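Structure, as structure tokens:
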Amino acid sequence: GAVVSQHPSRVICKSGTSVKIECRSLDFQATTMFWYRQFPKQSLMLMATSNEGSKATYEQGVEKDKFLINHASLTLSTLTVTSAHPEDSSFYICSASSGLAGGYNEQFFGPGTRLTVL
Amino acid sequence: GENVEQHPSTLSVQEGDSAVIKCTYSDSASNYFPWYKQELGKGPQLIIDIRSNVGEKKDQRIAVTLNKTAKHFSLHITETQPEDSAVYFCAASIGGNTPLVFGKGTRLSVIA
């Protein structure tokens, strides 16, 4: 149980285009999903917290107009990188929490999406 | 806010030996401490976690200990195998749906 998928696993795009990444909880309902980015040999950096049916809460320094997050259902959240530039190239990872662990924030991660912007 | 420190940043052990990774946290309200294993090019995988009402938890070759007074927790891997080689992250959370705060990671290399 507790499987989270991401699609696509890899994407290469041209500078200026937009890219959408999907995160799905396959066998549980995720009341909250989190989006992270990770640079090589570094830890995970939280970008935003997304609750189903609500606007995402972005971390300081993360542009909400550039990284659009939608959490329209209990099993799906999407991250859209708008007008992507080479500096947006990174490994993007989502995680999901069911909120049913008795107040403990159990999170399960997706396999990640490698974004390369040319 | 919460701050999590993780040591060491790199660790090399011989196959069959034990490996210990230590983390400290700053917020005494934290109540959940997971450990994740991340292999190259993959997402983090939850390998074990501990809640604040427990001092120790074990799952086969993996164990985690928690000292709430000192605000530190540790991951212990016994009888290490080459497939244990990966980056390990500790994290802490004050519960509910608040985000996890991660340590900087430990790159474990198990030498056959």
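What you see is a predicted model, and the numbers here were worked out from it, not measured in a lab. Order of the sequence lines fixes the chain letters, A, B, ..., with proteins taken first and strands second; residue numbering starts at 1 for each chain.
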Anything under 3.5 Å between a donor and an acceptor, one on a side chain of residues 1-13 of chain B, the other on a protein residue two or more places apart or in another chain? List them.
from	atom 1	to	atom 2	distance (Å)
B:E2	OE1	B:S26	N	2.7
B:E2	OE1	B:S26	OG	2.9
B:E2	OE1	B:D27	N	2.9
B:E2	OE2	B:S30	OG	2.3
B:N3	ND2	B:E5	OE2	3.1
B:Q6	OE1	B:C90	N	3.3
B:Q6	OE1	B:G105	N	3.1
B:Q6	NE2	B:Y88	O	2.7
B:Q6	NE2	B:T106	OG1	3.0

| message | If I measure from the heavy atoms of chain B, does A:Q6 come under 4.5 Å with its side chain, its backbone, both, or neither? | response | neither

| Counting a contact as any heavy-atom pair under 4.5 Å apart, which residues of residues 32-47 of chain B contact chain A? | B:Y32, B:Y36, B:Q38, B:G41, B:K42, B:G43, B:P44, B:L46

| said: Tell me whether B:K58 is salt-bridged to B:E56, with the criterion being a basic N under 4.0 Å from an acidic carboxylate O. | reply: no

| query | Will you find, in the side chains of A:H71 and A:S50, an N or O donor that is under 3.5 Å from an N or O acceptor? | reply | yes

| note | OG (A:S83) and CG (A:D88) are apart, to the nearest 0.5 Å, by 8.5 Å

| query | Between the side chains of A:N70 and A:T78, does any donor sit under 3.5 Å from an acceptor? | reply | no

| message | Check for me whether the distance between the ring centres of A:Y36 and A:F109 falls short of 6.0 Å. | response | yes

| field | Exceeds 12 heavy-atom contacts within 6.0 angstrom, atom CD of B:E79 | value | no

| remark: Note: vs chain B, highest number of non-hydrogen pairs under 4.5 angstrom among A:Q38, A:R10, A:Q42, A:R114 is A:Q38

